[in-house]
Amino acid sequence: MDDLVIGIDLGTTNSCVSVYTKGRTRILENERGGKVTASFIYFQPQGGIVFGEHAKTISVHKPENGVYEVKRLVGRKFDDTYIQKTLDYFPFVISSGVSNVPIISFKQNDRKIEKTPQELCTIILQGLKKYAEEKLNRRVNKVVITVPAYFNVTQREVTLAAAKDAGFTVFKLLNEPTAAALAYYFENDITENHISLVYDLGGGTYDVAVLQKKFDTIEVLCVGGGTQLGGHDLDNCILDYILEVLRKDYRHKAKTDADDKRRLRIKCEEAKKELSSATEAVITINGMIPKHPRIIITLTRDRFEEKASKLFKKTVDILDNCLVNSKISKQSIQEIILCGGSTRIPKIQEMISEYFGGKQLNKFVNPDECVAEGAALQAAMLSTRNG
Ligand SMILES: Nc1ncnc2c1ncn2[C@@H]1O[C@H](COP(=O)(O)OP(=O)(O)OP(=O)(O)O)[C@@H](O)[C@H]1O
Ligand SMILES: [Mg+2]
């Protein structure tokens, strides 16, 4: 038991922790019993740091002290186009620090506090470590952490350094699609040379990879993806639509302030999730426009699909490029594994299946848990080898 190594899926929106024991993987739940935990940090104005679901809830008190999507900032320079584009989008303040590293700042007890993405990443990993230790009732300091396949050397180095500062010895940084494939291979009897495609659409990023089973390893045949393509961008599509309705139908001319936008975006995400099972969702807006104290907007699934169609298509184009550039035929793909919360969207499932000529998609892998499970499996393999 001394060599217990956990697996962490360190996500942009949500993180998940798993461990392999007694011949199976087990998800280690957070303090609320949730299997995934928001990668969210709240710096309390009076001092103290809150992590996870609770942080997300209480950040409404002072949104500029709530930090999220840290993974999108890791290993980037302040003048990186992505960071420059998102400066207005985040409620927290980002500026340039030593060596052009982005610095996130906020106030606690009227004092200015500054954190680098690496330090924020450490806080998230410390929070997850605490959950794992509470669940397992023992110290845990060995880990396999998953990272997107497209992460460059700097992004990987920053993740490793953050984990070290959180008190972890990192056995391996495992690519997310490889982890998902490992979880799938574990549950299924897979023959040699089996080729699978992992389509991972999370909150912040999109990853696609084609993988082939070779003896006891997994060979990556091709990877593609986008760092600004995920559930948050879909929320923004709905937000833009709602703001357009407010302008046209309610003559809302004033610039919507950041706090109203943040509140609206939360409602847009809720509506988006609802539309994965219902054909209509209702968005209620209270007290934003004085003349119309209560506004009710019905969003149909068709309208959502129309507004998000460009983003949906982009994911399929990236997938297509990935296959074409690597000269991999559609027919050679034996299994399509969906992971990431956004793959619950029916239109996305329909488009991928259509792209592969109506092929059935694998629905047996849990889209929220498979990456962490793969990390736990890799962790178990490495701890046996090292032990
Ligand atoms: N039922 C649903 N329908 C549509 N979208 C959903 C549903 N459930 C969750 N999502 C979306 O999934 C996204 C979160 O997915 P996930 O937890 O896989 O992301 P992540 O792993 O943190 O991100 P990344 O892999 O990009 O680092 C959010 O944008 C959320 O709104
Ligand atoms: Mg993910």
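Every heavy atom of this structure was used, including side-chain atoms; hydrogens, water molecules and symmetry mates were not. In listed order, ligands and their atoms are each counted from 1. On a predicted model such as this, the values are computed, not experimentally measured, just so you know.
- The pair E133-K130 does not meet the salt-bridge criterion, since no charged nitrogen lies less than 4.0 angstrom from a carboxylate oxygen.
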Between side-chain atoms of residues 319-327 and protein atoms elsewhere (two or more places apart, or another chain), which donor-acceptor pairs fall under 3.5 Å?
{"residue": "D320", "atom": "OD1", "partner": "Y355", "partner atom": "OH", "Å": "2.6"}
{"residue": "N325", "atom": "ND2", "partner": "N321", "partner atom": "O", "Å": "3.2"}
{"residue": "S326", "atom": "OG", "partner": "C322", "partner atom": "O", "Å": "2.7"}

Exercise for the section: I would like to know whether D235 and K272 meet salt bridge (charged side-chain N to carboxylate O under 4.0 Å, His left out); could you show each step before the answer? Expected result: CA-CA 7 Å; D235 302 341; K272 174 191 72 177; 2.8 Å; yes

Donor-acceptor contacts, no H, no angles, side chain residues 336-348, under 3.5 Å, sequence neighbours left out:
{"residue": "S342", "atom": "OG", "partner": "G202", "partner atom": "O", "Å": "2.9"}
{"residue": "T343", "atom": "OG1", "partner": "G340", "partner atom": "O", "Å": "2.7"}
{"residue": "R344", "atom": "NH2", "partner": "D368", "partner atom": "OD2", "Å": "2.5"}
{"residue": "K347", "atom": "NZ", "partner": "E350", "partner atom": "OE2", "Å": "3.2"}

Return all side-chain donor-acceptor pairs below 3.5 angstrom for residues 90-107, not counting sequence neighbours, or 'none' if the list is empty.
{"residue": "S96", "atom": "OG", "partner": "N100", "partner atom": "OD1", "Å": "3.2"}
{"residue": "N100", "atom": "ND2", "partner": "D79", "partner atom": "OD1", "Å": "3.1"}
{"residue": "N100", "atom": "ND2", "partner": "D79", "partner atom": "OD2", "Å": "2.9"}

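- Considering L173, T159, T146, T205 in turn, T159 is the only one that fulfils the side chain to side chain contact (heavy atoms under 4.5 Å, CB included) rule with F151.
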Pairs under 3.5 Å, N/O atoms on ligand 1 and on the protein: can you put them in a table with the distances?
{"residue": "ligand 1", "atom": "3 (N)", "partner": "S276", "partner atom": "OG", "Å": "2.7"}
{"residue": "ligand 1", "atom": "12 (O)", "partner": "S342", "partner atom": "N", "Å": "3.4"}
{"residue": "ligand 1", "atom": "15 (O)", "partner": "G341", "partner atom": "N", "Å": "3.3"}
{"residue": "ligand 1", "atom": "17 (O)", "partner": "N14", "partner atom": "ND2", "Å": "2.9"}
{"residue": "ligand 1", "atom": "18 (O)", "partner": "G341", "partner atom": "N", "Å": "2.9"}
{"residue": "ligand 1", "atom": "19 (O)", "partner": "G203", "partner atom": "N", "Å": "3.0"}
{"residue": "ligand 1", "atom": "22 (O)", "partner": "T12", "partner atom": "N", "Å": "3.2"}
{"residue": "ligand 1", "atom": "22 (O)", "partner": "T13", "partner atom": "N", "Å": "2.6"}
{"residue": "ligand 1", "atom": "22 (O)", "partner": "T13", "partner atom": "OG1", "Å": "3.4"}
{"residue": "ligand 1", "atom": "22 (O)", "partner": "N14", "partner atom": "N", "Å": "2.7"}
{"residue": "ligand 1", "atom": "22 (O)", "partner": "N14", "partner atom": "O", "Å": "3.2"}
{"residue": "ligand 1", "atom": "23 (O)", "partner": "G203", "partner atom": "N", "Å": "3.2"}
{"residue": "ligand 1", "atom": "26 (O)", "partner": "T12", "partner atom": "OG1", "Å": "3.3"}
{"residue": "ligand 1", "atom": "26 (O)", "partner": "G204", "partner atom": "N", "Å": "3.3"}
{"residue": "ligand 1", "atom": "26 (O)", "partner": "T205", "partner atom": "N", "Å": "2.9"}
{"residue": "ligand 1", "atom": "26 (O)", "partner": "T205", "partner atom": "OG1", "Å": "2.6"}
{"residue": "ligand 1", "atom": "27 (O)", "partner": "T12", "partner atom": "N", "Å": "2.8"}
{"residue": "ligand 1", "atom": "27 (O)", "partner": "T12", "partner atom": "OG1", "Å": "2.5"}
{"residue": "ligand 1", "atom": "27 (O)", "partner": "K71", "partner atom": "NZ", "Å": "2.9"}
{"residue": "ligand 1", "atom": "29 (O)", "partner": "K272", "partner atom": "NZ", "Å": "3.3"}
{"residue": "ligand 1", "atom": "31 (O)", "partner": "E269", "partner atom": "OE2", "Å": "2.6"}
{"residue": "ligand 1", "atom": "31 (O)", "partner": "K272", "partner atom": "NZ", "Å": "2.8"}

